[in-house]
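Any value given below was found using the heavy atoms of this structure, including those in side chains, with hydrogens, waters and symmetry copies removed. Nothing fancy with the numbering, it's 1 onward along the sequence.
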Amino acid sequence: MVILKSKYEIEAIRKACQVVAECHRTIAPLIKPGITTNEIDRMFEEIMLKHDAKPYQKGYKGYPYATCASANDVIAHGFPNNKPLEEGDIVTIDTVAELDGWLGDSAWSYAVGQISPMAKKLMRVTKECLDLGIAQAQPGNRLGDVTSTIQRHAESHGFGVVRDLLAHGIGRDLHEEPTYMHVGKPGKGHRIKEGMVFTIEPMITEGSYSLTIDPDGWTARTIDNKLSAQYEHTIAITAEGPQILTQQ
């Protein structure tokens with residue numbers, strides 16, 4: 001069942017989302033060769049605690065960190081570690097903040113120093129997929145209008161759209177209805193209604209959209225070891241259209 005939120009509840013979610021946005025704003029200029037994802041993880045947790053928020057991912061189903069840090073061929077759910085990021089890497093940092101019982105969720109891909117033309121193109125197209133998908137999240141449309149737009153744009157550039165990891169509704173719980181893939185057909189799927197709050201978070205791959213899971217049970221990696229990028233916002237549907245709650 002899709003849980004529609006009141007304007008008051010959307011504002012409460014926005015506050016959690018803005019903590020996440022501040023995390024990303026703070027870290028963006030610091031991502032350079034030599035920084036470790038463990039350092040990023042600690043900074044995100046410190047920012048959340050400063051705002052009386054909690055890193056919701058830490059302990060979620062046994063996950064041990066405040067962030068997911070997914071570099072290069074890792075699609076999602078990568079563990080932060082002490083290996084310095086290197087020139088040419090791309091890394092996606094994903095985090096969820098809980099504030100007063102409400103959740104905010106956003107992932108962002110970052111270039112580490114100078115990256116290859118292919119990595120630049122992948123990151124650009126992935127961000128375009130997010131923006132185009134949000135533009136379709138209008139009251140009265142269907143989720144298929146969002147997902148088909150994302151799929152068409154990614155595939156027109158020769159990229160893959162991950163199927164096995166889903167976007168989701170969010171509020172007091174991290175994974176509310178609707179849950180959905182970022183592929184589909186126009187006019188199909190859940191009707192988008194005022195009061196819905198959900199993520200749009202395309203995971204776009206340089207090659208195959210298929211994935212494997214590492215022995216840690218979390219790290220999702222491209223099956224062909226090619227690059228992956230992701231951009232994610234939490235959005236609310238209002239009478240005027242979609243509002244980006246995690247706007248940086």
Say whether [X] and [Y], considering side chains only, have a donor N or O and an acceptor N or O under 3.5 Å apart.
X      : Y      : answer
His153 : Glu128 : yes
His182 : Tyr209 : no
Thr36  : Glu39  : yes
Thr92  : Ser109 : yes

Ignoring hydrogens and angles, tell me if any N or O in the side chain of Asp224 forms a donor-acceptor pair with the backbone of Ser208 under 3.5 Å. yes
Thr222 side-chain N/O to Thr205 backbone N/O, donor-acceptor pair under 3.5 Å: no
Is it true that Glu194 and Lys7 have a side-chain N and a carboxylate O under 4.0 angstrom from each other? no
Parallel, tilted or perpendicular: ring planes of His175 versus Tyr60, cut at 30 and 60 degrees: tilted
List the atom of Ala220, the atom of Leu211, and the distance in Å for their closest heavy-atom pair. CB-CD2, 4.4 Å
Among all residues two or more places apart in sequence or in another chain, which pass the salt bridge (charged side-chain N to carboxylate O under 4.0 Å, His left out) test with Lys58? Glu45
pair [X]-[Y]: side-chain heavy atoms closer than 4.5 Å:
X      : Y      : answer
Met43  : Leu30  : yes
Trp108 : Lys127 : yes
Lys185 : Thr147 : no
Leu103 : Ile13  : no

Please indicate whether Lys5 has more than 12 foreign heavy atoms, meaning atoms of other residues, nucleotides or ligands, lying under 6.0 Å from its NZ. yes
Over 12 foreign heavy atoms within 6.0 Å of CG, Asp100: no
Determine whether Arg14 and Glu9 satisfy the following criterion, salt bridge (charged side-chain N to carboxylate O under 4.0 Å, His left out), listing intermediate values before the conclusion. CA-CA 9 Å; Arg14 189 193 306 273; Glu9 290 170 325; over 6 Å; no
Quick one: which residue pairs count as a side-chain hydrogen bond (donor to acceptor under 3.5 Å, both in side chains) with a foot in residues 156-170, not counting sequence neighbours? Asp105-His168, His168-Glu201
Provide the full list of side-chain hydrogen bond (donor to acceptor under 3.5 Å, both in side chains) pairs with a residue in residues 74-87, sequence neighbours left out, each pair given once. Asn38-Asn82
In terms of hydrophobic clusters joined by side-chain contacts under 4.5 Å, are [X] and [Y] together?
X      : Y      : value
Phe198 : Leu174 : no
Trp218 : Leu165 : no
Leu166 : Ile150 : yes

Applying salt bridge (charged side-chain N to carboxylate O under 4.0 Å, His left out), run through Arg221 and Asp214 and close with a yes or a no. CA-CA 7 Å; Arg221 195 179 297 273; Asp214 283 4; 2.7 Å; yes
The single option from Thr234, Ile235, Leu132, Ile244 that satisfies side chain to side chain contact (heavy atoms under 4.5 Å, CB included) with Ile200 is Ile235
